[in-house]
Each structure stands twice: as structure tokens, then as C-alpha cells.
Amino acid sequence: MPSVSSHNTPPAPPLPEILDSLVELTAQRERRTLEISLLTTLRELMPDCTIALYNCRWIDGHPWWRIQLDNLDELPQQNQPWTLPGGKMLRILLQQEAHQLIYPTDTGLCVPLYQANQVIAVLMVTPSADSVVNNQLLIALARIHENFLNLLHASDSDTLTGLNNRRKFDAQLFSLVGVTAGRSQRIPFLALLDIDHFKQVNDNYGHIIGDEVLLMLAQRMQQFFGEDDGLYRYGGEEFAILFHSASEEKAQAILEGFCTRIASQPFPQVGQITVSIGFTRLGNCLVPAQVIERADKALYYSKTHGRNQVNQFEALQQLGMVSEAEVVSGDIDLF
Ligand SMILES: Nc1nc2c(ncn2[C@@H]2O[C@H](COP(=O)(O)OP(=O)(O)OP(=O)(O)O)[C@@H](O)[C@H]2O)c(=O)[nH]1
């Protein structure tokens with residue numbers, strides 16, 4: 001088993017090599033590419049080691065984990081099942097073990113990465129038979145990765161609700177619109193959701209209770225939608241959902257289910273809250289502004305036809321209830 005002390009530390013790679021790796025690592029702006037860059041760097045600097053990255057998510061105080069990236073000789077793994085770790089790993093994640101930067105395991109070493117004092121990822125390093133790990137280098141790169149993850153999280157999150165913010169939404173929509181053609185059986189959709197008569201909540205109960213409602217709605221969205229669905233605070237009392245579904249009917253049913261759930265579970269102090277939703281499918285030839293405009297028209301229709309309901313742009317269009325804005329020379333003519 002490798003040592004966690006600094007004895008037998010192998011010589012560090014040349015400084016220019018490390019600096020090049022850091023430049024590469026810190027150029028990333030997406031969590032996934034940041035992770036791939038970290039593992040690529042570690043593999044280059046520690047060629048005798050097998051390195052895996054596990055991500056952690058916390059549900060009701062329990063840490064679930066799943067392998068995120070394996071030895072980079074293989075394709076990065078995505079959407080592996082979440083499992084509950086056991087034994088020593090569970091104690092490390094729950095921070096019941098003495099708080100250390102690096103831990104010996106049965107096969108090698110593990111380095112937990114933290115966000116807001118919770119473990120969010122774990123690097124597992126397994127050296128080959130008689131190789132020695134440069135612990136100092138491993139810890140330093142893990143900490144740089146952790147710092148960047150935290151920066152990324154802060155720049156992508158809405159401070160009130162904790163959902164993704166508008167900046168993240170714009171980036172995600174742009175990348176989704178770009179890759180829809182024939183990649184999956186599941187259809188991508190954008191839904192825009194707006195709280196009904198929210199001004200009355202502020203007027204009747206005050207802005208602080210209004211904020212509380214926004215926070216609780218965001219939590220109910222997180223509980224209802226899947227972990228792979230993108231949830232965003234789009235603006236004031238408006239939210240966006242980027243999700244996939246097998247059909248338009250199923251997408252409608254999912255969103256109606258959420259509408260019903262919100263209307264049927266009163267909010268503390270303010271009672272019943274309802275939401276209106278408009279959604280659209282992400283077509284191959286659409287640009288982000290067109291997609292948003294379609295969802296927004298469907299939302300406006302829901303608002304002006306009784307609220308507390310879900311409408312899809314394409315269905316309304318077929319019925320002649322809404323029409324597309326004209327596209328002039330590649331720009332959207334909104335009026
Ligand atoms: N508490 C709180 N209120 C906000 C926030 N952002 C926007 N609002 C309020 O949201 C309200 C939106 O009001 P309107 O656009 O008139 O819409 P509405 O009352 O929800 O009515 P409909 O959308 O037509 O159903 C305004 O009173 C804003 O002040 C926020 O961050 N916190």
C-alpha cells in the first residue's frame with residue numbers, strides 16, 4: 001500500500017510540464033471538461049497510476065456516489081448508477097475519519113474534494129505494484145481542481161434559490177440547440193414556468209415571504225424533476241427547465257404533473273400557489289432566441305387563458321393559436 005507520508009516521494013516532473021498542465025486545467029469553464037482535464041493531467045504526471053474520479057451527491061444527509069471518469073484509456077463514463085458507499089469510504093465522506101487531505105485505501109489513495117464543507121467528489125489513485133505516488137503533487141492538483149469547481153459553481157448558481165442561473169442557462173441552451181440532430185431517441189424540450197399573481201404574494205405578505213416562496217418552489221422543482229434535467233432561475237419569478245422526454249405527450253404530462261403538484265401542496269403562510277408553463281421542443285434548425293420565443297409565447301398563452309396550466313408552442317401553432325415571429329436575415333424580428 002502506498003504511503004501517505006512524504007517519504008519515498010518521487011521527483012516532481014519538470015516545472016514547465018506542470019505549468020503547461022495548470023494552464024490547460026484552468027482554461028476549462030464546464031465541470032465535465034474540467035474533470036477530463038484533471039484526469040488527463042494526472043495521467044500524464046503519474047503514468048504508473050490508475051486514476052478514477054467519483055462524484056458525490058447528498059440526499060437527506062446521505063452521501064451517494066458514482067464513478068464519473070475512469071482511467072482515461074477508456075471513454076469517460078456518464079450516468080452510472082448512484083450507490084451508497086460503505087465502510088471506510090462512508091466514514092470519510094461523512095467526515096467521521098480524522099480530517100485529512102489524503103487517505104490510504106486498500107488499493108491506493110483517495111483525495112476528497114469539498115464544496116461548502118461537504119464532499120462533492122473523490123479522486124481514487126491506484127499505483128501499479130512498486131510505484132510511489134507524489135502525494136504533494138496529487139493534493140495540489142486536487143485542490144486547484146476543487147477551487148475551480150467552487151468558482152464555477154458560484155458563477156453558475158442563483159444566490160437565492162441555488163438553482164442554475166441565467167448565465168448557465170444561456171450556455172446550456174446554446175450547446176443543446178447545437179447537438180440535437182439525431183443524437184438520441186429522447187426529444188429535448190425547453191419549458192418556461194412563471195408563478196401566477198406573484199406580485200400579490202409580495203404585496204400581501206412582503207418581499208421576504210416572496211423570496212421564501214421562490215426558494216420553496218425551487219426545492220420542489222429539484223424534488224420533482226430528474227437529476228439530469230436542467231433547472232434554472234430565468235429571471236424574477238420565472239424559471240426554465242431543459243429536459244428530455246420520449247414524446248411530446250409525455251413531456252406535457254410531466255409538466256402537468258408538476259403544475260398539479262404545486263397547486264395541491266399549499267405553501268407555508270401564503271397557501272395555494274399556482275404556476276403557468278409554456279414549452280417547446282428544441283428543433284434542429286432553431287437558434288436559442290427562437291426557442292425561447294416559442295416557449296415564451298406558449299407561456300403567455302397559458303397566462304392569458306386561465307393560468308395554472310401547461311401549453312406547448314407546436315400544439316398551439318397547429319391550432320392557429322400562436323404564430324412564429326419572422327426571421328429576417330438570420331436575426332429574430334420579435335415584433
Ligand atoms: N420577493 C421577490 N419578488 C420578486 C423577485 N423578482 C421579481 N419579483 C416580483 O415578482 C412580481 C412579478 O409581478 P408581475 O410581473 O406583475 O406578475 P404576476 O403578479 O406574477 O402576475 P402574472 O405573471 O400575470 O400571473 C413583481 O412584484 C416583482 O417585484 C424576487 O427576487 N423576490
Side-chain angles (χ1 to χ4, degrees), residues 116 153-173 189-225 229-243 251-252 254-280 288-313 315-317 319 321-323 325 332 334-335:
H153 178 74
S155 74
D156 285 344
S157 300
D158 171 56
T159 45
L160 174 65
T161 62
L163 296 185
N164 293 304
N165 60 18
R166 177 68 182 268
R167 194 196 80 84
K168 177 78 174 171
F169 170 77
D170 290 341
Q172 292 286 107
L173 180 62
F189 291 95
L190 164 67
L192 291 180
L193 176 159
D194 189 285
I195 303 177
D196 296 329
H197 300 303
F198 188 60
K199 187 172 181 304
Q200 286 176 17
V201 175
N202 278 332
D203 290 348
N204 295 342
Y205 303 97
H207 212 264
I208 291 175
I209 298 292
D211 282 357
E212 194 73 17
V213 169
L214 292 173
L215 176 60
M216 287 200 68
L217 182 76
Q219 288 169 346
R220 291 185 185 184
M221 288 172 75
Q222 285 169 320
Q223 286 156 9
F224 184 88
F225 290 97
D229 299 328
L231 306 177
Y232 310 84
R233 183 162 178 217
Y234 186 69
E237 23 63 279
E238 198 169 351
F239 296 84
I241 307 157
L242 283 169
F243 66 110
Q252 174 91 23
I254 290 169
L255 295 171
E256 281 180 354
F258 184 67
C259 244
T260 307
R261 169 86 57 97
I262 292 301
S264 61
Q265 291 180 344
F267 283 62
Q269 311 208 47
V270 300
Q272 190 195 45
I273 292 283
T274 62
V275 295
S276 296
I277 299 179
F279 76 105
T280 186
Q290 280 174 301
V291 175
I292 292 169
E293 199 223 347
R294 285 181 168 197
D296 204 31
K297 281 195 167 172
L299 170 60
Y300 183 74
Y301 187 92
S302 296
K303 282 281 182 190
T304 50
H305 288 78
R307 296 184 174 81
N308 188 21
Q309 59 183 276
V310 180
N311 283 287
Q312 183 185 0
F313 176 84
L316 294 173
Q317 192 181 36
L319 295 170
M321 304 301 211
V322 292
S323 60
I332 310 294
L334 290 171
F335 303 104

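For ligands, and for the atoms within them, numbers begin at 1 and follow the listed sequence.
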Checklist line | Heavy-atom donor-acceptor pair, T161 side chain to L215 backbone, under 3.5 Å | finding: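 Checking the backbone N and O of L215 against the side chain of T161, no donor-acceptor pair under 3.5 Å is found.
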Which residue and atom name correspond to the protein heavy atom nearest [atom], and how close is it?
atom                    : value
atom 18 (P) of ligand 1 : F198 N, 3.4 Å
atom 19 (O) of ligand 1 : K199 N, 2.9 Å
atom 17 (O) of ligand 1 : E237 OE2, 3.9 Å
atom 6 (N) of ligand 1  : G236 CA, 3.2 Å
atom 22 (P) of ligand 1 : K303 NZ, 3.4 Å
atom 3 (N) of ligand 1  : N202 ND2, 2.8 Å

Modelled atom types, side-chain donor and acceptor of [X] and [Y], under 3.5 Å:
X    : Y    : value
N165 : S157 : no
N202 : Q200 : no
Q252 : E256 : yes

Applying a 4.0 Å heavy-atom criterion (strictly less than), which segment of [X] is in contact with ligand 1: side chain, backbone, both, or neither?
X    : answer
I195 : backbone
D211 : both
D203 : neither

Checklist line | M216 side, atom CE; I262 side, atom CD1 - distance, nearest 0.5 Å | finding: 9.0 Å
So for ligand 1, is [X] a polar contact partner (N or O within less than 3.5 Å, distance only)?
X    : answer
R307 : yes
D196 : no
G210 : no

Check: Should K303 and D196 count as an ion pair when the cut-off is N to O under 4.0 Å?
Finding: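 D196 and K303: salt-bridged.
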Notebook entry, point to check: With a 4.5 Å heavy-atom cut-off, do D194 and E237 have their side chains touching?
Noted result: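 Counting from C-beta outward, D194 and E237 do come under 4.5 Å.
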Item checked: For E238, side chain to side chain donor-acceptor pair (under 3.5 Å) partners two or more places apart ->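 With neighbours one apart ignored, the set is empty.
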Next item on the list: Please collect all ring-ring contact (aromatic ring centres under 6.0 Å, His included) contacts where either partner lies in residues 202-224, sequence neighbours excluded, each pair once.
Entry: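 For residues 202-224: F224-F258.
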Margin query: Heavy-atom contact check, 4.0 Å cutoff: does R233 meet ligand 1?
Written below: yes
Item checked: Atom indices of ligand 1, in the order listed, that fall short of 4.0 Å to a heavy atom of D194 -> 23 (O)
